[in-house]
Amino acid sequence: MTVTEINKMLYENQESLLKWNEQEGKTQWEYSPIDKWSTGQHILHLTQSTKALIKGLTMPKLLLKYRFGKCNRALREYDEVVDKYHVKLQKAGNVISPFSQSMPNIKEDQKLAILGELKQLNTKLASKSLKVSEKYLDTVLLPHPLMGKMTLREILMWNAYHLKHHDIILQQKYSAKAQ
């Protein structure tokens with residue numbers, strides 16, 4: 001999958017998530033099933049994971065290679081990344097990424113700011129990813145808290161899917177009609 005295709009998917013998945021948030025209105029923003037995140041916390045989680053990816057993408061190449069190594073295996077396609085993510089999620093149970101463990105309550109008056117930040121971060125990520133060489137995308141590794149080391153291309157594909165993953169959860173379990 002090319003970076004352009006990844007970015008197209010990123011924007012499509014983002015738009016679906018934003019459209020759902022717009023349709024559900026304010027009643028669903030603070031709703032959370034027992035022992036689950038609220039809609040606002042899902043969106044905050046997406047901003048946190050995107051920030052971490054942007055940080056990794058902007059680190060010096062030599063530092064990344066030194067800290068995480070170079071890819072020495074066959075590259076995964078999009079479907080393989082998604083399938084591996086689902087397997088890891090099932091095995092992990094309720095394990096939460098380190099940067100999302102102490103999730104604050106996200107109030108209705110923060111909704112526009114959080115959604116705006118997510119859009120801004122995805123635009124920044126897409127822009128930065130287009131400036132990286134194909135070779136770099138396929139050789140340099142970044143750590144994923146659940147999936148281990150992934151190439152930059154794989155983690156970009158995962159990030160695009162991550163939006164869809166949370167969009168599906170929200171639509172299936174948080175929609176007013178689903179309750």
Side-chain angles (χ1 to χ4, degrees), residues 1 5-57 76-129 142 144-147 150 154-179:
M1 182 176 271
E5 291 169 329
I6 295 168
N7 287 338
K8 182 178 184 248
M9 184 187 311
L10 176 76
Y11 287 126
E12 288 170 355
N13 294 344
Q14 172 186 276
E15 287 309 306
S16 176
L17 181 68
L18 295 174
K19 183 178 176 183
W20 178 84
N21 268 282
E22 187 177 304
Q23 289 172 345
E24 287 301 310
K26 69 190 244 180
T27 58
Q28 294 308 101
W29 185 255
E30 294 181 36
Y31 167 75
S32 62
I34 297 172
D35 295 330
K36 302 289 182 189
W37 287 338
S38 68
T39 300
Q41 289 169 321
H42 276 272
I43 304 302
L44 179 61
H45 168 72
L46 291 168
T47 64
Q48 292 170 334
S49 63
T50 305
K51 282 179 189 177
L53 180 51
I54 290 169
K55 182 179 178 183
L57 198 59
R76 294 183 190 108
E77 296 295 325
Y78 174 78
D79 291 336
E80 293 174 280
V81 170
V82 170
D83 290 345
K84 182 177 179 181
Y85 181 56
H86 285 281
V87 168
K88 293 285 189 172
L89 280 174
Q90 285 181 332
K91 287 182 181 177
N94 287 331
V95 173
I96 298 173
S97 173
F99 56 83
S100 294
Q101 286 186 358
S102 297
M103 194 64 76
N105 288 328
I106 309 299
K107 298 295 180 193
E108 172 65 28
D109 62 357
Q110 297 172 284
K111 180 178 180 176
L112 291 179
I114 299 282
L115 290 172
E117 182 180 17
L118 181 63
K119 286 175 67 173
Q120 182 183 35
L121 289 168
N122 284 329
T123 299
K124 185 175 183 179
L125 179 65
S127 174
K128 289 195 176 299
S129 68
L142 280 177
H144 184 281
L146 183 64
M147 296 178 51
M150 301 172 72
E154 291 168 348
I155 208 161
L156 288 168
M157 290 187 294
W158 169 83
N159 188 69
Y161 175 74
H162 194 216
L163 287 165
K164 182 176 182 175
H165 172 74
H166 284 272
D167 186 31
I168 290 168
I169 291 170
L170 291 170
Q171 288 190 38
Q172 289 179 350
K173 298 180 181 175
Y174 289 68
S175 290
K177 61 185 174 248
Q179 296 168 19

Q. For the atom pair NZ (Lys173) and NE2 (His42), what is the distance rounded to the nearest 0.5 Å?
A. 8.5 Å
Q: Mind checking the CD1-CG spacing from Ile168 to Leu163? Nearest 0.5 Å is all I need.
A: 11.0 Å
Q: Output the distance between atom CG (Leu125) and atom CG (Asn7), rounded to the nearest 0.5 Å.
A: 7.0 Å
Q) CD of Glu22 to CG of Leu18: how many Å apart, nearest 0.5 Å? A) 8.5 Å
Q | Under 3.5 Å donor-acceptor, Glu108 side chain and Glu30 backbone | A | no
Q. Gln110 side chain to Lys107 main-chain N or O, any donor-acceptor pair under 3.5 Å?
A. yes
Q. Is the His166 ring parallel, tilted or perpendicular to the His45 ring (thresholds 30°, 60°)?
A. tilted
Q) Does the pair Lys84 and Trp158 meet the rule for a side-chain contact (heavy atoms from CB on, under 4.5 Å), with working shown? A) CA-CA 10 Å; Lys84 182 177 179 181; Trp158 169 83; over 6 Å; no
(Q) How long is the straight-line distance from CG of Leu142 back to CD1 of Ile155, given to the nearest 0.5 Å? (A) 5.0 Å
Q. Is a side-chain donor or acceptor of Trp29 paired with a backbone partner of Thr39 at a separation under 3.5 angstrom?
A. no
Q. Any donor and acceptor pair, going by atom type alone, linking the side chain of Thr123 with main-chain N or O of Lys119 inside 3.5 Å?
A. yes
Q. Ignoring hydrogens and geometry, is there a side-chain-to-backbone donor-acceptor pair from Glu154 to Glu77 under 3.5 Å?
A. no
Q: Sequence neighbours left out, what passes side-chain contact (heavy atoms from CB on, under 4.5 Å) with Lys128? Give chain and number order.
A: Ile54, Leu57, Thr58, Lys124
Q | Test side chain to side chain donor-acceptor pair (under 3.5 Å) applied to His144 - qualifying residues, sequence neighbours left out | A | none
(Q) Counting neighbours of CD on Gln120 that are heavy atoms of other residues, nucleotides or ligands and sit closer than 6.0 Å, is the number greater than 12? (A) no
(Q) Which residues pass the side-chain contact (heavy atoms from CB on, under 4.5 Å) test with Glu12, not counting sequence neighbours? (A) Lys8
**Q.** Residues in side-chain contact (heavy atoms from CB on, under 4.5 Å) contact with Ser32, at least two apart in sequence or another chain
**A.** Ser38
Q: Please step through side-chain contact (heavy atoms from CB on, under 4.5 Å) for the pair Leu53 and Leu156, ending with a clear verdict.
A: CA-CA 8 Å; Leu53 180 51; Leu156 288 168; 3.9 Å; yes
Q. Among all residues two or more places apart in sequence or in another chain, which pass the side chain to side chain donor-acceptor pair (under 3.5 Å) test with Asn13?
A. none
Q.
Ignoring hydrogens, what is the shortest heavy-atom contact between Leu17 and Leu118? Give both atom names and the distance.
A. CD2-CD2, 3.9 Å
Q | Reported CD1-to-CG distance for the pair Ile6 and Asn159, which is rounded to 0.5 angstrom | A | 10.0 Å
Q | Test side chain to side chain donor-acceptor pair (under 3.5 Å) applied to Tyr161 - qualifying residues, sequence neighbours left out | A | His86
